[in-house]
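Worksheet for the structure shown next.
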Amino acid sequence: MFNESVWNLCKQIPAGRVSTYKELAHALHCKAYRAVGNALNKNPYSPIVPCHRVVKSDGSLSGFAQGQKKKQRMLEKEGIIVEKGKIKLFYNKLYKF
DNA sequence: CGGTTGACCAAGT
DNA sequence: GACTTGGCCAACC
């Protein structure tokens with residue numbers, strides 16, 4: 001299923017790194033950026049899949065089922081600096097498949 | 001099967 | 001930098 005693939009890719013993102021919806025879609029060989037967002041929104045494997053490491057292509061956090069605040073805290077806990085809802089040194093932390 | 005809904009993207013104003 | 005537009009795609013009415 002589409003969602004399963006998305007979640008599976010999320011699991012591959014190491015701590016301290018982030019990825020984008022676009023990259024996930026690209027890894028799936030399609031342009032379903034939006035569908036990816038939907039899939040993560042419905043993510044039932046909340047702790048298992050680190051979906052908080054997925055952000056928009058411009059480095060902003062975007063949404064999060066448990067609230068952006070929580071998302072930011074989790075990211076900063078992993079060494080990622082977030083400023084004004086956007087990731088600092090984003091290109092540096094970006095993880096590509 | 002058509003219409004709506006998003007945790008989207010890029011380009012333009 | 002904030003907002004609008006058109007395009008994009010899976011999932012769900």
Side-chain angles (χ1 to χ4, degrees):
Chain A
M1 183 158 216
F2 183 78
N3 296 6
E4 309 262 346
S5 316
V6 175
W7 302 325
N8 200 41
L9 284 175
C10 285
K11 282 191 291 192
Q12 299 181 37
I13 305 175
R17 306 282 303 276
V18 295
S19 190
T20 68
Y21 301 94
K22 185 179 181 181
E23 279 299 324
L24 285 172
H26 185 260
L28 293 176
H29 306 282
C30 69
K31 299 147 200 155
Y33 326 117
R34 273 184 118 147
V36 171
N38 264 319
L40 291 182
N41 182 33
K42 298 183 201 160
N43 171 28
Y45 305 89
S46 34
I48 308 169
V49 177
C51 49
H52 58 276
R53 301 193 188 126
V54 183
V55 296
K56 293 213 291 193
S57 53
D58 65 351
S60 51
L61 294 190
S62 185
F64 190 55
Q66 309 174 19
Q68 286 110 331
K69 239 178 168 177
K70 209 125 188 208
K71 184 170 186 176
Q72 175 170 345
R73 271 210 311 255
M74 293 159 100
L75 288 173
E76 295 191 323
K77 203 154 112 186
E78 297 179 353
I80 297 173
I81 304 169
V82 181
E83 207 170 79
K84 292 163 194 149
K86 288 176 190 168
I87 294 180
K88 204 167 185 180
L89 305 173
F90 171 60
Y91 185 80
N92 209 7
K93 314 260 182 189
L94 182 59
Y95 176 77
K96 297 162 189 170
F97 296 92

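Values in this document were obtained by computation on a predicted structure and should not be read as measured data. Per chain, numbering begins at 1; letters A, B, ... match sequence-line order.
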Suppose you measure atom P in C:dG7 against the same atom in B:dA7; what distance do you get, rounded to whole Å?
22 Å
Tell me: CD of A:E4 to P of C:dA10, nearest whole Å?
16 Å
Could you tell me the separation between the NZ atom of A:K31 and the C1' atom of B:dG6, rounded to a whole number of Å?
20 Å
Length of the line joining A:K42:NZ and C:dA10:P, which is rounded to integer Å
12 Å
Spacing between A:N3 atom CG and B:dG6 atom P, to the nearest angstrom:
16 Å
B:dT5 phosphate, OP1 or OP2, under 4.0 Å from A:N38 side-chain N/O:
no
Can you spot which of A:K71, A:E78, A:Q66 makes a side chain to side chain donor-acceptor pair (under 3.5 Å) with A:H52?
A:E78
To the nearest angstrom, the CZ-C1' distance between A:R34 and C:dA10 comes to 11 Å
Is A:W7 reaching over with its side chain to a backbone N or O of A:A39, donor-acceptor style, under 3.5 angstrom?
yes
What nucleic acid atoms does A:N43 come within less than 4.0 Å of, heavy atoms only: base, sugar-phosphate, or nothing?
nothing
Taking OP1 and OP2 of B:dC8, is either one under 4.0 Å from a side-chain nitrogen or oxygen of A:S57?
no
From NZ of A:K56 across to P of C:dC8 the rounded distance in Å is 19 Å
Hey, which of these two, A:L40 or A:K22, hits DNA chain B nearer its 5' end, going by closest nucleotide?
A:L40
Contact class for A:A35 (heavy atom, under 4.0 Å): base, sugar-phosphate, or nothing?
base
Rounded distance (Å) that lies between atom P of B:dC8 and atom CG of A:L61:
11 Å
Heavy atoms under 4.0 Å, any strand shown: does A:F2 hit a base, just sugar-phosphate, or nothing?
sugar-phosphate
Where do A:Y21 and A:G63 come nearest, in terms of heavy atoms and distance?
OH-O, 4.3 Å
Could you check which of B:dA7, B:dC9, C:dA11 has an atom nearest any side-chain atom of A:F64?
B:dA7
Would you confirm whether A:S19, through its side chain, and A:Y95, through its main-chain N or O, come within 3.5 Å as a donor-acceptor pair?
yes
How many angstroms lie between CD in A:E83 and CD in A:Q72, if you round to the nearest 0.5 Å?
9.5 Å
